[in-house]
Structures are given as C-alpha cells and as structure tokens.
Amino acid sequence: MKVNIHELKKKSEIVIDGVQPITLKGVNPLHPSLDCEAHVKGTVTKVGNRYVIKGIADTVVKLLCDRCLEEFDCRIQAEIYQRYSTDPNDDDEDILPISGFEIELEDVVTESIVLNVPMKWLHDDNCKGICKVCGMNLNKQSCQCDSDEIDPRLEGLRNLFHPQSEE
C-alpha cells in the first residue's frame, strides 16, 4: 500500500484506509512464510519537511498453541507510528528517508504486526495441553495414563508433607 504525499500540499492530512498484503517469516514453524492481509487505518500529516504516519493495523495470523500444538487463528491489532523525512541530511535514526512522492507502508505494517505477536501462543486460556505420557490432546479426550509421576530428584519431598508412620 502506497501513500501519495503530494496530496498534502492541498490538505492538512491524508486518511489511510485499505488492505496491505504482508509476509511474516519465522512466526509459525509449520509455515516458514505466512502470507496474510492487514487492514490499515490511520492518517498521514506533514510537519515541516517530515511526515508522520499514525494508525492501526489489524490482521489474523495462524499460530501453534504452545500447550496442545493445534493451529489456530490469532487476531493481532498493532499500533503504527512512523516518521519520514524528505531531507537527505536528516540524521535522526528514527526517521526514515523518502525518495519521490510515495511512502510504501509494507515494511512498517509488517514490523508492527511482528512486534505485537504474543510471546505465549494459546488458543484458549483453559487449554489442557497434551498428555506427557501418551501425547493425546487432552482438550479432545482424556487418557488413562498415570498422572502421579514424580520427578525422582524431588521424591524426598513427598515424605516431607505426608510422612509415613514408622513403628
């Protein structure tokens, strides 16, 4: 999606409302490259020789649940804020240079979406995960495995709270 900044000579701001195709790499291990579309809404304003883009990007990304390993759709809303400058001598590293009369939004939208992907991916907060013995998805059905398995390094602590009577 491109924004024509030449329109700002006539107006004080440009309203952005459109769809930006983006490619996310390394987000989902099942899909090395995820193609999705982000709905972008916002404004572009001019301050001196700088242009400021403010807005929201909204998309749905396929992720793997960290507990049960099922793929699910995760809605992500990301805030967009980026400054651009037409001055080639602008030394501020937070400001991106513009050449020509158009600003390409793909990189800015992709970056904001990637930065807002959750750290822990859960399709549901009450996800039961998978059985550590048989590997069955406990959200779909329960298994008959023994769940009282205790780490042998912690076996001594079992008797601390439930001492067996010695006679």
Roughly how far, to the nearest 0.5 Å, is the [atom2] atom of [Y] from the [atom1] atom of [X]?
X: Glu70; Y: Leu63; atom1: CD; atom2: CG; answer: 13.5 Å
X: Glu37; Y: Asp58; atom1: CD; atom2: CG; answer: 12.0 Å
X: Ile22; Y: Glu111; atom1: CD1; atom2: CD; answer: 12.0 Å
X: Asn137; Y: Cys131; atom1: CG; atom2: SG; answer: 11.0 Å
X: Leu138; Y: Cys145; atom1: CG; atom2: SG; answer: 8.5 Å
X: Ile56; Y: Tyr81; atom1: CD1; atom2: OH; answer: 14.0 Å

pair [X]-[Y]: side-chain heavy atoms closer than 4.5 Å:
X: Leu122; Y: Phe72; value: no
X: Leu105; Y: Ile53; value: yes
X: Lys128; Y: Cys68; value: no
X: Pro97; Y: Ser85; value: no
X: Arg67; Y: Ile130; value: no
X: Arg50; Y: Ile95; value: yes
X: Val44; Y: Ile16; value: yes
X: Cys36; Y: Val60; value: no

Look at the side-chain heavy atoms of Ile, Leu, Val, Met, Phe, Trp and Tyr, link any pair under 4.5 Å apart, and say whether [X] and [Y] land in one connected group.
X: Val40; Y: Val52; answer: no
X: Val108; Y: Val114; answer: yes
X: Ile98; Y: Leu96; answer: yes

Does Val3 form a side chain to side chain contact (heavy atoms under 4.5 Å, CB included) with Glu102? I'd like the steps, not just the answer.
CA-CA 5 Å; Val3 176; Glu102 290 184 329; over 6 Å; no

Closest contact, heavy atoms only, [X] versus [Y]:
X: Ser112; Y: Ala78; value: O-CB, 3.3 Å
X: Cys143; Y: Met136; value: CB-SD, 3.9 Å
X: Glu104; Y: Tyr84; value: O-OH, 4.1 Å

Assess whether side chain to side chain contact (heavy atoms under 4.5 Å, CB included) is satisfied between Ile113 and Leu24, documenting all intermediate values.
CA-CA 9 Å; Ile113 294 293; Leu24 303 174; 4.1 Å; yes

Asp17 and His39: CA distance, side-chain angles, deciding distance, side chain to side chain contact (heavy atoms under 4.5 Å, CB included) verdict
CA-CA 7 Å; Asp17 190 0; His39 188 202; 2.8 Å; yes

Is there a donor-acceptor pair closer than 3.5 Å between any side-chain N or O of [X] and the backbone N or O of [Y]?
X: Asp73; Y: Lys62; result: no
X: Gln20; Y: Met1; result: yes
X: Asp66; Y: Trp121; result: yes

Test side chain to side chain contact (heavy atoms under 4.5 Å, CB included) applied to Val61 and Thr59, step by step
CA-CA 7 Å; Val61 178; Thr59 190; 4.0 Å; yes

Salt bridge check, Glu13 against Lys54: does any charged N sit closer than 4.0 Å to a carboxylate O?
no

